[in-house]
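In what follows, every chain begins at residue 1, and chains take the letters A, B, ... in the order their sequences are listed.
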Amino acid sequence: MDGPLRKLLVYVDGSEGSFDAVRLAVVLARTFGASLRAIAVVDTRALGELVQARIFLEAEREEYRRDLEGDVGRYLRRAQDIGRRKGLEVEVKRAQGSVSAEIKACVLECGIDLLVVGEMAQVRSRRDELYDEVDRAMRTVPCSVFVAKNGDRIEEIYDHLD
Amino acid sequence: MALVERIEERIVKVPLESATRDGVIDELVGVLAAAGLITDREAARAAVMEREAKGSTGLAEGIAVPHGKTPAVKDLAVAIGVSREGVDFGAMDGLPSRLFFLIMAPPDKAGPHIEALAEIARMARSKAFCRALVGAGDAREVVELLRGD
């Protein structure tokens, strides 16, 4: 682990784009001899917004928080599986709060050299651009950010890794 | 993002024909069924009604966000409707609801479900934007407004 990149972080949100990012991060980690950590976040900030807007009842917040915790566990297990298939142990980080703040905190806390994220959706409104948490994380983390694009090509690259 | 990328004309109905809460929910579930986005129309409707029975999803400013979790959808499904006359949805301000977002998600897709609802919550803060949506002449205009905002 003495290459130019020593510690990588990949953000997983359950989208196929985020798992493409995991595959690419596994390739990068193996190539550079770096460690790889995956982070998934229970977005309690969004849950709070929904209660405040009265879209959610208080009981619903708790119900969905449990659902999100289950989702996060599944996403991280899948990320670990993608790593194991290529002989890489992926460390996992479960967080809760605001997605961008948790990603940034993990980058700082773990001394991450490179953050890997999935491709953004093509159809976006201006409001999305203002509020997108991954966008915000990309703007605010102190490390470089790698955006994984073209899932088919990434799959080929991942498959070719010994 | 979860919301806007799913908006297309076939899941938008302008104007809605129903004049009651149950009728609007049924009509919007029907929109999703016609678009091939739900496998069991009755189960989908029941999920939304069950949630509505716990408390109205009618917000202030004429917006209502009926929603529910159901295995009758494979992925997050969204339908939008605009009522010209307004419908008593038991909204918090007592005013009739005119703009409806029906959100349905499978039980194992809480993330996109919450993301879509949070997008609507942010949208609802802009009275001018909501007025523009309510005033839209047809489905195409609703789609253009949502994608362009």
Do [X] and [Y] land in one hydrophobic cluster if side-chain heavy atoms of ILVMFWY residues count as linked below 4.5 Å?
X: A:Val117; Y: A:Leu108; value: no
X: A:Leu114; Y: A:Leu161; value: yes
X: A:Val51; Y: A:Tyr64; value: yes

Side-chain contact test, heavy atoms from C-beta onward, threshold under 4.5 Å: evaluate it for A:Leu57 versus B:Arg51 and give yes or no. yes
Do B:His67 and A:Ile55 make a side-chain contact, defined as non-hydrogen atoms from C-beta onward lying under 4.5 Å apart?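 Yes - at least one pair of side-chain heavy atoms lies under 4.5 Å apart.
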Part of B:Leu59 within contact of chain A (heavy atom distance under 4.5 Å): side chain
Contact origin within B:Ala124 toward chain A - heavy atom pairs under 4.5 Å: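 Neither part.
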Does [X] have more than 12 heavy atoms from other residues, nucleotides or ligands lying within 6.0 Å of its [atom1]?
X: A:Asn150; atom1: CG; answer: yes
X: B:Glu85; atom1: CD; answer: no
X: A:Arg65; atom1: CZ; answer: yes

Between B:Asp108, B:Val65, B:Thr57, which has the largest tally of heavy atom pairs under 4.5 Å with chain A?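 Most heavy-atom pairs under 4.5 Å with chain A: B:Asp108.
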I need the [X] [atom1] to [Y] [atom2] distance, nearest 0.5 Å.
X: B:Lys54; Y: A:Phe56; atom1: NZ; atom2: CZ; answer: 11.0 Å
X: B:Ile114; Y: A:Arg45; atom1: CD1; atom2: CZ; answer: 14.0 Å
X: A:Asp71; Y: B:His113; atom1: CG; atom2: NE2; answer: 12.0 Å

I'd like to know if B:Lys69 and A:Glu63 make a salt bridge, using a cut-off of under 4.0 Å between side-chain N and carboxylate O.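 Salt bridge flag = yes for A:Glu63 with B:Lys69.
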Given 3.5 Å as the limit, does a donor-acceptor pair link the side chain of A:Asp67 with the main chain of B:Ala110, or not?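 No.
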Contact part of A:Leu68 toward chain B, heavy-atom cut-off under 4.5 Å: side chain, backbone, both or neither? both
In terms of heavy-atom proximity below 4.5 Å to chain B, should A:Gln52 be classed as side chain, backbone, both, or neither?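 Neither part.
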Can you name the nearest heavy-atom pair linking A:Ala53 to B:Met92, along with the distance?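 A:Ala53 and B:Met92 have their closest heavy atoms at O-CE, 4.0 Å.
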